[in-house]
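Only one structure is covered here, and it is reproduced in the block below.
Note that the structure is a prediction, hence the values are computed from the model and not measured. What you see below is based on every heavy atom in this structure, not just the backbone, and it leaves out hydrogens, waters and symmetry mates.
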Amino acid sequence: MATNKQERGTPWAVTATSASSAVATKAAAATGTHYITDIAGSSDKAGALLLVKQGTTVIWQVQLATTAAGMNAFQQSFQVPLAGIQNGSVSVTVDGTAACYANIAGFTSPL
C-alpha cells in the first residue's frame, strides 16, 4: 500500500500580522518540497486579497469576503495540498490598511 506524502513529511505552520501587508512565509528547505494544506487570512480592508506564492510566483488567490462582524476573512483547507517547488519557499500575503493577518500550514516532504 502506498504511503501518502504527509505521513512522510514534517508539519509546520506560520502566522504573520501587520498593518498594511501581512506575509506568512515558510522558508525554503535545504532538501524537500513544502506542501500547503491550509491557509487563512483577515483584513480590515474592503476587497483585500489573499495570495499564495511559490517564491515570488502567485499560484492561488482569492478576494476576502466580508463577515457578519464586518471583518474581511477567508480560510481554506485543500483536500489535495498545493505543492511548492523543490527547495523553495511558500507564503501567504494579505493586504490591509490598519490590521491584517496571514496564516499558512502544511508539511515538508523530503521527496
Side-chain angles (χ1 to χ4, degrees):
M1 185 168 140
T3 304
N4 75 33
K5 292 182 183 208
Q6 189 165 1
E7 290 174 350
R8 294 190 302 254
T10 304
W12 49 263
V14 182
T15 300
T17 62
S18 180
S20 60
S21 182
V23 182
T25 301
K26 178 62 177 165
T31 59
T33 301
H34 297 316
Y35 291 87
I36 303 163
T37 57
D38 300 275
I39 58 171
S42 61
S43 175
D44 63 330
K45 179 181 173 183
L49 292 176
L50 181 148
L51 306 173
V52 178
K53 298 179 182 179
Q54 293 175 337
T56 59
T57 303
V58 175
I59 60 170
W60 198 90
Q61 67 181 14
V62 67
Q63 186 174 14
L64 305 185
T66 304
T67 67
M71 191 68 166
N72 301 296
F74 182 82
Q75 67 180 27
Q76 173 77 39
S77 292
F78 297 101
Q79 185 174 358
V80 175
L82 298 177
I85 56 173
Q86 188 165 1
N87 305 330
S89 65
V90 292
S91 64
V92 165
T93 301
V94 177
D95 63 332
T97 56
C100 52
Y101 305 89
N103 302 283
I104 185 171
F107 62 96
T108 302
S109 177
L111 301 176

Pairs under 3.5 angstrom only: tabulate donor-acceptor contacts from the side chains of residues 41-49 to other protein residues two or more places apart or in another chain.
unit_1, atom_1, unit_2, atom_2, d
S43, OG, K45, N, 3.0
S43, OG, D95, O, 2.7
D44, OD1, T97, N, 3.0
D44, OD1, T97, OG1, 3.3
D44, OD1, A98, N, 3.3
D44, OD1, A99, N, 3.4
D44, OD2, T97, OG1, 2.6
D44, OD2, A98, N, 2.8
K45, NZ, D95, OD2, 2.7

Identify every side-chain donor-acceptor pair in residues 57-65 under 3.5 Å, counting partners at least two apart or on other chains, and give the distances.
none

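Put simply, CD1 on I39 and CZ on F74 are 5.5 Å apart, with the number rounded to the nearest 0.5 Å. Note that the OG1 atom of T33 and the CG atom of N87 stand 7.0 Å from one another [nearest 0.5 Å]. With rounding to the nearest 0.5 Å, the separation of CD in Q79 from OG1 in T37 is 12.5 Å. In this structure, the separation between OG1 on T56 and CG on L51 is 12.0 Å, given to the nearest 0.5 Å.
Residues C100 and S21 approach most closely at SG-N, 3.6 Å, considering heavy atoms. Heavy-atom minimum distance, F107 versus G9: CD1-CA, 4.2 Å.
A salt bridge (charged side-chain N to carboxylate O under 4.0 Å, His left out) check over residues 21-30, counting only residues at least two apart or in different chains, returns nothing. For residues 8-27, the pairs satisfying ring-ring contact (aromatic ring centres under 6.0 Å, His included) are W12-H34, with sequence neighbours left out. For residues 60-73, no pair satisfies salt bridge (charged side-chain N to carboxylate O under 4.0 Å, His left out), with sequence neighbours left out.
With sequence neighbours left out, the side-chain hydrogen bond (donor to acceptor under 3.5 Å, both in side chains) criterion links K53 to no other residue. A search for side-chain hydrogen bond (donor to acceptor under 3.5 Å, both in side chains) contacts involving T15 returns N103, not counting sequence neighbours. Partners of S89 by side chain to side chain contact (heavy atoms under 4.5 Å, CB included), not counting sequence neighbours, listed by chain and number: T25. Qualifying side chain to side chain contact (heavy atoms under 4.5 Å, CB included) partners for D38, counting only residues two or more places apart in sequence or in other chains: S77, A105. Every residue was checked against the side-chain hydrogen bond (donor to acceptor under 3.5 Å, both in side chains) condition with S20, not counting sequence neighbours, and none meets it.
Listed by chain and number, the hydrophobic cluster partners of V80 come to none, as no ILVMFWY side chain reaches under 4.5 Å of it.
Hydrophobic clustering of Ile, Leu, Val, Met, Phe, Trp and Tyr side chains at less than 4.5 Å, counting indirect connections, unites L82 with I104. Cluster membership check: V94 shares its hydrophobic cluster with F78, using side-chain heavy-atom separations under 4.5 Å among Ile, Leu, Val, Met, Phe, Trp and Tyr. Under the 4.5 Å side-chain heavy-atom criterion for grouping Ile, Leu, Val, Met, Phe, Trp and Tyr, V14 is not connected to V23 through any hydrophobic cluster.
Using a 4.5 Å heavy-atom cutoff, the side chains of V52 and V90 are not in contact.
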